[in-house]
Amino acid sequence: MDTRRKSPRATTLLAALAGIAAAALVLGVAELAAAFFTARATPVIALGSTFIDFTPGWLKDFAIATFGTGDKVALFVGMGLTIIALAAVLGIAAFHRWVLGALGVTAAGLVIVASVLSRAGASTYDALPSLIGTAAGLLALRLMIARLPAARAVPSDSAPSDSAPAAAAARALPGGSSRRSFFAAAGVTSVAAAAAAAGGRALAGARNSVEAARRGLRLPAPASPAPALPAGLEAPVDGITPWLTSNPDFYRIDTALSVPQLDVDTWELRVHGMVEEEFTLTFDELLEEDLIERHITLTCVSNPVGGNLVGNAKWLGYPLRELLRRARPLRGADMVLSTSSDGFSASTPLPVLQDGRDAMLAVAMNNEPLPLEHGYPVRMVVPGLYGYVSATKWVVDLEVTRFADRTSYWTDRGWSEKGPIKTMARVEVPRSFGKVAAGTVSIGGTAWSQTRGITRVEVSVDDGRWEEVTLAAEASVDTWRQWSHEITVGAGSHTVRARATDPADGLQTDERADPVPNGASGWQSVQFTAT
Ligand SMILES: Nc1nc2c(c(=O)[nH]1)N[C@H]1C(S)=C(S)[C@@H](COP(=O)(O)O)O[C@H]1N2
Ligand SMILES: [Mo]
């Protein structure tokens with residue numbers, strides 16, 4: 001008789017333990033991944049909220065009555081016990097039939113994913129941490145179960161059977177040592193779970209402390225404040241995009257899986273390359289310079305015609321032309337390669353940074369220190385260029401060089417070396433496939449042509465004659481400009497097209513182009529229905 005058959009009870013207990021250790025790993029790894037990817041809903045919190053949603057009212061009342069303000073603790077204890085019980089059952093199931101256990105763990109993982117996705121503000125991307133955690137848990141469970149004696153007793157002298165690999169693994173080991181190796185695997189799993197959970201908390205804590213430092217930051221007043229805004233910047237049309245984009249509404253584009261957490265006390269900008277004077281700039285030194293404040297509209301090269309990867313904010317920063325004046329570029333240099341702490345880079349034509357436009361190292365956005373995801377503590381903002389060749393967030397390095405010598409993140413991936421923003425008119429009202437009341441309809445939108453300005457916008461309804469619309473006031477040539485118009489339409493389906501004119505390049509091209517390699521072009525056409 002095989003020794004392993006002597007204690008089936010003990011083995012079942014170990015299987016339950018394996019299930020519990022695997023569950024701990026699922027949650028630990030998921031928390032770590034959530035902190036790393038800056039997920040909006042973290043798995044444990046989301047599970048807790050779902051747990052509350054599914055707790056019957058009488059039990060909730062009982063919990064509040066009994067535990068008072070300790071009801072949250074009671075919730076997590078109750079949830080923990082539920083998870084432990086479920087995990088133990090799944091461990092035993094996996095021990096008897098691996099497929100059954102694996103399906104159970106996968107189902108549990110999907111429950112976590114579902115609770116994460118059901119939280120307000122969650123995006124599908126937030127499912128990733130739970131999926132990674134579940135995968136890690138499955139793998140660990142598999143390794144632990146494989147180290148347990150076979151579920152079905154197999155005489156050690158029998159021929160290898162068709163039973164689960166677990167049985168084969170167990171048989172391959174001399175009596176006793178399989179249990180030792182089980183404890184080793186379970187130990188590693190538990191330690192990994194605890195380490196992942198602790199790592200996740202540490203990461204989240206570091207993020208909180210950077211956010212706290214950001215909130216406590218006092219920025220100097222600008223030496224050159226933003227010019228006063230003229231009245232009438234917003235076109236009088238319901239549903240038009242606000243002229244100033246708030247920080248939470250500002251589009252975000254970057255390659256950073258995890259938002260960089262930079263410390264203003266250690267942040268430095270290295271300025272080097274083809275310059276007479278190389279230097280580094282600390283954050284305090286940067287703030288001591290004369291700062292300018294300007295409204296500038298940023299645009300992403302990936303913005304499709306009519307798209308919303310564009311936003312307008314007030315930026316405070318140190319003019320790059322001043323910084324370059326200090327560095328004194330050498331003859332032959334034609335590009336500034338800016339690099340972020342996370343390795344992104346952008347190549348900006350040197351003349352653009354010296355031609356008098358308000359290109360800057362920005363430290364504030366709409367009267368606040370830069371939000372973490374918009375480049376805290378310092379980013380570049382260059383009027384007139386798409387972000388991929390100019391707007392480096394979390395910037396730490398400026399190298400004066402030549403296009404012939406160096407390339408950058410997106411130019412390495414087939415996008416154009418130069419990225420001036422194309423003139424564009426956007427229709428915001430009516431919405432695409434929207435409904436309006438037949439008769440006279442107020443329509444409107446935004447047009448931009450940074451550094452050149454917008455002098456005319458025209459619309460054409462149902463391919464009719466082009467009509468000039470009313471332009472709202474212009475703050476500067478570096479900002480977008482709103483427009484409005486009244487059209488009269490009968491019931492039915494209609495289209496409206498829009499096109500802008502700027503004083504330098506003239507009429508916006510009607511040539512359709514995709515965003516790759518240097519920005520979308522073409523006249524936007526919006527279909528809508530009047531009833
Ligand atoms: N470090 C870093 N900076 C970056 C990017 C990036 O991927 N990483 N993307 C650029 C691109 S393509 C754009 S359009 C702008 C967007 O800036 P925003 O996210 O503040 O709107 O940032 C630019 N700066
Ligand atoms: Mo972009």
Side-chain angles (χ1 to χ4, degrees), residues 222-227 269 271-277 279 281 286 289-301 310 312-339 345-363 378-392 395 397-406 408 410-411 415-424 448-455 474-481 502-506 518-519:
S224 165
L269 179 73
V271 182
H272 64 112
M274 297 175 67
V275 292
E276 277 177 43
E277 193 195 332
F279 56 92
L281 206 62
L286 178 59
E289 299 290 348
D290 284 347
L291 305 186
I292 60 170
E293 187 178 50
R294 298 288 185 269
H295 289 95
I296 297 166
T297 300
L298 291 194
T299 311
C300 181
V301 69
V310 52
N312 182 46
K314 186 171 76 175
W315 309 92
L316 171 74
Y318 175 42
L320 278 156
R321 62 173 176 276
E322 298 300 331
L323 177 139
L324 288 166
R325 192 168 290 162
R326 174 169 164 200
R328 300 195 302 282
L330 300 178
R331 199 181 257 282
D334 62 4
M335 186 256 271
V336 173
L337 185 71
S338 52
T339 307
S345 58
S347 43
T348 311
L350 178 62
V352 159
L353 301 177
Q354 297 175 308
D355 70 2
R357 75 182 77 188
D358 292 319
M360 62 172 101
L361 284 173
V363 294
V378 184
R379 73 171 303 167
M380 293 198 1
V381 170
V382 180
L385 298 189
Y386 288 122
Y388 82 106
V389 287
S390 69
T392 304
V395 65
D397 192 286
L398 295 182
E399 180 184 352
V400 178
T401 178
R402 305 190 311 166
F403 278 106
D405 296 338
R406 302 297 303 271
S408 63
W410 286 114
T411 59
W415 294 75
S416 299
E417 213 163 62
K418 304 273 165 76
I421 296 173
K422 297 180 180 178
T423 306
M424 185 62 64
W448 57 84
S449 178
Q450 291 94 316
T451 68
R452 305 178 294 270
I454 294 291
T455 43
E474 177 182 68
S476 88
V477 292
D478 293 338
T479 56
W480 59 15
R481 190 166 184 185
D502 78 50
D505 293 354
N518 61 7

> Between E289 and Y318, is a side-chain contact (heavy atoms from CB on, under 4.5 Å) present by the stated rule, with each step listed?
Replying inline: CA-CA 7 Å; E289 299 290 348; Y318 175 42; 3.5 Å; yes

> How far apart are the C-alpha atoms of L320 and M360, what are their side-chain angles, what is the distance that settles it, and do they pass the side-chain contact (heavy atoms from CB on, under 4.5 Å) test?
Replying inline: CA-CA 5 Å; L320 278 156; M360 62 172 101; 5.5 Å; no

>> Working note: T479 + R294, criterion side-chain hydrogen bond (donor to acceptor under 3.5 Å, both in side chains); need CA distance, chi angles, decisive distance, verdict.
In response: CA-CA 10 Å; T479 56; R294 298 288 185 269; over 6 Å; no

>> Checking L286 against L269 for the side-chain contact (heavy atoms from CB on, under 4.5 Å) test, could you report, in this order, the C-alpha distance in whole Å, the side-chain angles of both residues, the deciding distance, and whether it holds?
In response: CA-CA 9 Å; L286 178 59; L269 179 73; over 6 Å; no

>> Using side-chain contact (heavy atoms from CB on, under 4.5 Å), reason through L324 and V336 one step at a time and then give a plain yes or no.
In response: CA-CA 10 Å; L324 288 166; V336 173; 4.3 Å; yes

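Taken from CG in L291 to CG in L361, the straight-line distance is 10.0 Å, to the nearest 0.5 Å. The structure places CG of D505 at 5.0 Å from OG1 of T423, a figure rounded to the nearest 0.5 Å. We find the OG1-CZ distance between T411 and F403 to be 8.0 Å, quoted to the nearest 0.5 Å. For the atom pair CG (D334) and OG1 (T401), the distance works out to 7.5 Å, reported to the nearest 0.5 Å. One distance of note links CZ of R357 with CZ of R321; it measures 11.0 Å at 0.5 Å rounding. To the nearest 0.5 Å, the span separating CZ on R402 from CE on M335 amounts to 10.5 Å.
When all heavy atoms of P503 and G453 are compared, the pair lying nearest together is CD-O, 3.3 Å. Summarising the geometry of P349 relative to K418, their closest heavy-atom pair is CG-CD, 3.6 Å, with the distance given to 0.1 Å. Between S408 and S347 the shortest heavy-atom distance is OG-OG, 3.0 Å. In this structure, V352 and D355 approach most closely via the heavy-atom pair O-OD1, 3.0 Å. Nearest heavy atoms, A226 versus K314: CB-CD, 4.1 Å. Heavy-atom minimum distance, V389 versus A346: C-CB, 3.7 Å.
The shortest distance between side-chain heavy atoms of H295 and W315 does not fall below 4.5 Å. Counting only heavy atoms from C-beta outward, the side chains of S449 and I421 never approach each other to under 4.5 Å. Side-chain contact between I454 and V477 is absent, with no heavy-atom pair separated by less than 4.5 Å. Side-chain contact between M380 and L398 is present, with at least one heavy-atom pair separated by less than 4.5 Å. The closest side-chain heavy-atom distance from V275 to L330 is not below 4.5 Å. Between N312 and I296 there is no side-chain heavy-atom pair separated by less than 4.5 Å. Taking 4.5 Å as the limit, some side-chain heavy atom of L298 sits within range of a side-chain heavy atom of V381.
Between the side chain of T339 and the main chain of S345, no donor-acceptor pair closer than 3.5 Å is present. Of the possible donor and acceptor atoms, none in the side chain of R481 sits under 3.5 Å from a partner among the backbone N and O of S476. Between the D478 side chain and the T451 main chain, a donor and an acceptor come within less than 3.5 Å of each other.
When the side chain to side chain contact (heavy atoms under 4.5 Å, CB included) test is applied to N518, the partners found at least two apart in sequence or on another chain are S416, K422. For the side chain to side chain contact (heavy atoms under 4.5 Å, CB included) test, residues two or more places apart in sequence or in another chain that qualify with P225 are P222, E293. A search for side chain to side chain contact (heavy atoms under 4.5 Å, CB included) contacts involving D290 returns A223, not counting sequence neighbours. D502 meets the salt bridge (charged side-chain N to carboxylate O under 4.0 Å, His left out) test with R452; sequence neighbours excluded. With sequence neighbours excluded, the residues that form a salt bridge (charged side-chain N to carboxylate O under 4.0 Å, His left out) with E322 are R325.
For residues 383-392, the side chain to side chain donor-acceptor pair (under 3.5 Å) pairs, not counting sequence neighbours, are S338-T392.
Donor-acceptor pairing under 3.5 Å is recorded for the side chains of Q450 and T299.
Taking the six-membered ring where the residue is Trp, W448 and W480 present tilted rings, their angle falling between 30° and 60°.
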